[in-house]
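A, B, ... follow the sequence lines: proteins, then strands. Residue 1 opens every chain. Source: prediction; values computed, not measured.
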Amino acid sequence: MAKKQKKQKAKARLVRGFNDRLADDIRATNDMMAKIHKVFELYGFDPIETPFLEYSDALGKFLPDEDRPNAGVFSLQDEDEQWLSLRYDLTAPLARHVAQNINEINFPYRTYRQGWVFRNEKPGPGRFRQFMQFDADIVGAPNISADAEICMMMADTMEALGIKKGDYVIRVNNRKVLDGVLEAIGVIDEEQKLSVLRAIDKLDKFGIEGIKLLLGEGRKDESGDFTKGAGLNEAQSKSVIDYLNGAEQNNIDGISELENLQQLVIGAGYDENRIKIDPSCVRGLEYYTGMVYEAELLFDVTNEKGQKVQFGSVGGGGRYDGLIKRFTGQTVPATGFSIGVSRLLTALKNLGKLENNEMPAPIIVCVMDKTRISEYQKMVTELREAGIRAELYQGNPKNFGKQLQYADRRNCPAAIIAGSDEFNKGTVQIKDLIAGKEASKNIKDNKIWKSKRPGQFEVKRSEMVEKIKELPAIRVYYRGANDAAN
RNA sequence: GCCGCCUUAGCUCAGUUGGUUAGAGCGCUAGAAUGUGGAUCUAGAGGUCCUCCGUUCGAUUCGGAGAGGCGGUACCA
C-alpha cells in the first residue's frame, strides 16, 4: 500500500535545458543588468519590451513544418489553429514591432531590451534552452557611423562590467569582404559557400590546421565523429588561408566600409586592443548583410571542476538591412548587438570578477517566550526602519538551539536574544555570530563554549538598534547605503 | 542529429567474478546538553541499485531497447 502510493508521487525534476536560478545568481544578474542599462541609457537608447510569444510567421524563416513543428523553436497552436512560437531571439520581435509601428516611430530609432529567449535544441556546456539576452539596436541608420557606435558601446559595456582593456576584444568584419573571397575562388554553390564560411568561423576553435581540414575533406573530432568538409581544392583552400592571414582583398565596397569604421573608432579613442578587424569573424550566416561584430573574452576561464575552458564569444551582432523589409517591403537599414547575459555571467563568475557585494543575511530575532511575539516583532520592525535586514524566527520556537543553528547556517551577522530575564531588566542580548564563529576555533569543549557565550553582550533595549549598527559586519555593508540615502 | 562516457541513499561515490541482510563519507532526525550556533560522542530514519524486455533456478550485476545526465561534434536565427 505504502509502496503503491510512492509510485504515484510526481517526480520533482527540471525540463532538460532549463534551470532554477538561486539567490546569488539572481542578484549577480541584476547587478550586471543595471550596469549594462546604465551604458545603454548613456548612449541615448530607450527600452522596449515585447511578449515571449509571437505568431510563428512573424519570427521569420523558422516556421514549424508538418513533420517537425518544434525543430529549433517551441511552438504551439492557438485556439484558432494559428501557430505561435516562443521567441528565439530579441531581434525578430523588434523587427515585427518596428514594422507594425513604422509610422509612429521616430527614426533613427535607438532601442534596447532584455529578456528570456527560448531555443528547442540540445543543451551544451553553458548553453541552455532558456537564456537571457540583452540587445541594443539602431533602426533606420544606414551609415557605418552607426555600426561604429554600436561597437564602441559594446566596448564600454564590457569595461563597465569590470572586464579590463586587453581582457576582451570586439572583433569586426564585413560580409561583403567574405563574399568577395568566395567569389574570387569561384565558389558559387550555396551549400558550399556556407561550408566555407562555417569553417572560417571555427578558426579560434580548431586553429589553422583544423580549418584546412574543414575546407578540404573534413575533420574527425575527439569522440571519433567525422565532420564533412567544404571540399575545396588545394588552390582554393590556400586562398582562404591567405585571406585569414591578412592577404589583400579585392572587394572595394566591403574593405572601404571596414576602413571607414576603423577610422571612426580610432578617432574616438578606441584602438585595436578594443575594437579589431578580424577576417575570421563570420556570425549568423544568412542574416547579416554587412558589418558583423563579436565580443570575445581573451582570458582563460577555469570551471568548477578546475578545467581550463576557452570561453570565447559572449555576444555578437551586425547589420541586417533585410529584416524589416520582410514585413513592409521597404528597406529599413538596422544594426545591433546582442549580449549573452547568462554566458557572460558564467564567465565573470568563474573569473571571480563579480564584485563581492553579496547581500548580508538578516539579523535574527529569537523567540524565547511565545507570549511575547509582539514585542519581538517590534524589535524586528525597529531594525527594518533603520534599513537593516531583519526577521523574526518563524520555525518552531520550542528548541532554542535550533534558532541559533538556523541563524548560523544562514550566515546571519547577529541574533537578538531576550527572555524573561532581559525583559525584566529592560535589556536584550546581542550575539555577534561572526565574532563567535571566530572564537569557536579556540574552544574545544562544548561546556566551555556554552558558558562563555562568545560574541555575546547585553545592551539596553532602547539602544539595541544603535548597537547593532556598530557591529563590524553591519557597519561595512550598510554604510554605503546610508551615505547614499543622506 | 551523430559520437563517447555515465546512471546504486538527499549529495559524492564504493561494491556485487550472477546468490539469502547492498555499504562508506557527508547531510538529515533525535539524544548526551529542555536559555545558546561550532567541535565531539551515541542512536535512528532513508534504497523499485534509472525503466522495460530478454537470458537464468535466481539479475542491481549479463544481453537488447528506451529514458535521463555529462562531454565532444554538427546546426545556430
Listed nucleotide nearest any side-chain atom of Asp221(A), set G38(B), U73(B), G35(B): U73(B)

Closest-nucleotide ordering on RNA chain B, the 5'-leading residue of Lys122(A) and Gln456(A): Gln456(A)

Gap in Å between the two P atoms, one belonging to G1(B) and one to U12(B), rounded: 26 Å

Expected output: side-chain Asn396(A) to main-chain Asn399(A) donor-acceptor under 3.5 Å: no

Nearest listed nucleotide, side chain of Lys450(A), among G35(B), A74(B), U36(B): U36(B)

Any donor-acceptor pair under 3.5 Å from Tyr376(A) side chain to Ala418(A) backbone: yes

Any strand: nucleotide that pairs with U29(B) via Watson-Crick or wobble, under 3.5 Å: A43(B)

C1'-based separation of A77(B) from A67(B) [nearest Å]: 30 Å

Sugar-phosphate only, base, or nothing, as touched by Gly436(A) at under 4.0 Å among non-hydrogen atoms: base

Backbone N/O of Asp221(A) and side chain of Asp225(A): donor-acceptor pair under 3.5 Å: no

Geometric class of the Tyr287(A)/Tyr320(A) ring pair [parallel <30°, tilted 30-60°, perpendicular >60°]: parallel

Any strand: nucleotide that pairs with U51(B) via Watson-Crick or wobble, under 3.5 Å: A65(B)

Nucleotide nearest Val73(A) (side chain, heavy atoms from C-beta), chosen from G72(B), A77(B), A74(B): A77(B)

Donor-acceptor under 3.5 Å (Tyr243(A) side chain, Pro279(A) main chain): yes

Base of G4(B) paired with side chain of Asp225(A) (donor-acceptor, under 3.5 Å): no

Parallel, tilted or perpendicular: rings of Phe74(A) and Phe118(A) (30°, 60°): perpendicular

Interatomic distance where CD1 belongs to Ile448(A) and C1' belongs to U40(B) [whole Å]: 13 Å

Distance in angstrom units between Tyr393(A) OH and G37(B) P, rounded: 13 Å

Rounded C1' spacing from G37(B) to G44(B) in Å: 23 Å

Minimum-distance nucleotide to Ile417(A) side chain [options: A74(B), U36(B), A77(B)]: U36(B)

Under 5.5 Å and under 30°: Tyr88(A) stacked on A77(B): yes

Nearest listed nucleotide, side chain of Arg198(A), among G37(B), C75(B), C28(B): C75(B)

Sugar-phosphate only, base, or nothing, as touched by Lys402(A) at under 4.0 Å among non-hydrogen atoms: sugar-phosphate

Phe206(A) side chain, from C-beta outward: closest of A33(B), A77(B), A74(B): A74(B)

Interatomic distance at P, G18(B) relative to G58(B), whole Å: 16 Å

C1'-based separation of A24(B) from A14(B) [nearest Å]: 7 Å

Who pairs with A22(B) - Watson-Crick or G-U, where each distance is under 3.5 Å: none

Candidate nucleotides G72(B), A77(B), G37(B), ranked by approach to the side chain of Glu222(A) - the nearest: G72(B)

Distance test, side-chain N/O of Lys447(A) to OP1/OP2 of U36(B), below 4.0 Å: no

side-chain hydrogen bond (donor to acceptor under 3.5 Å, both in side chains) partner of Thr427(A), the single match among Lys460(A), Arg461(A), Glu463(A), Glu458(A): Glu458(A)

Nearest-Å distance for atom pair CG/P, residues Asn446(A) and U34(B): 11 Å

No-H, no-angle donor-acceptor pair, Arg119(A) side chain to A77(B) base, under 3.5 Å: yes

Gap in Å between the two C1' atoms, one belonging to A39(B) and one to A33(B), rounded: 14 Å

Candidates C75(B), U73(B), G38(B) - which lies nearest the side chain of Thr227(A): U73(B)

Residue closer to the 5' end of RNA chain B, Leu214(A) versus Leu14(A) (nearest nucleotide): Leu14(A)

Gap between atoms CH2 and P, on Trp449(A) and G38(B) respectively (whole Å): 8 Å

Assigned partner base of G71(B), Watson-Crick or wobble definition, under 3.5 Å: C3(B)

Selected nucleotide, minimal atom distance to Glu422(A) side chain, candidates A74(B), G35(B), A39(B): G35(B)

Euclidean distance, atom CZ of residue Arg409(A) to atom P of A39(B) [Å, nearest integer]: 9 Å

Distance, C1' atom - from C3(B) to A74(B), rounded to whole angstrom: 11 Å

Touch class at under 4.0 angstrom, heavy-atom based, for Asp421(A) against every strand present: base

Any donor-acceptor N/O pair, Arg283(A) side chain to Gly318(A) backbone, under 3.5 Å: no

d(NZ, Lys452(A); C1', A39(B)) in whole Å: 15 Å

P gap between G46(B) and A22(B), integer Å: 13 Å

Ile443(A) CD1 to A39(B) P, straight-line distance once rounded to whole Å: 13 Å

Nearest-angstrom distance from the residue atom CD of Gln405(A) to C1' of G27(B): 12 Å

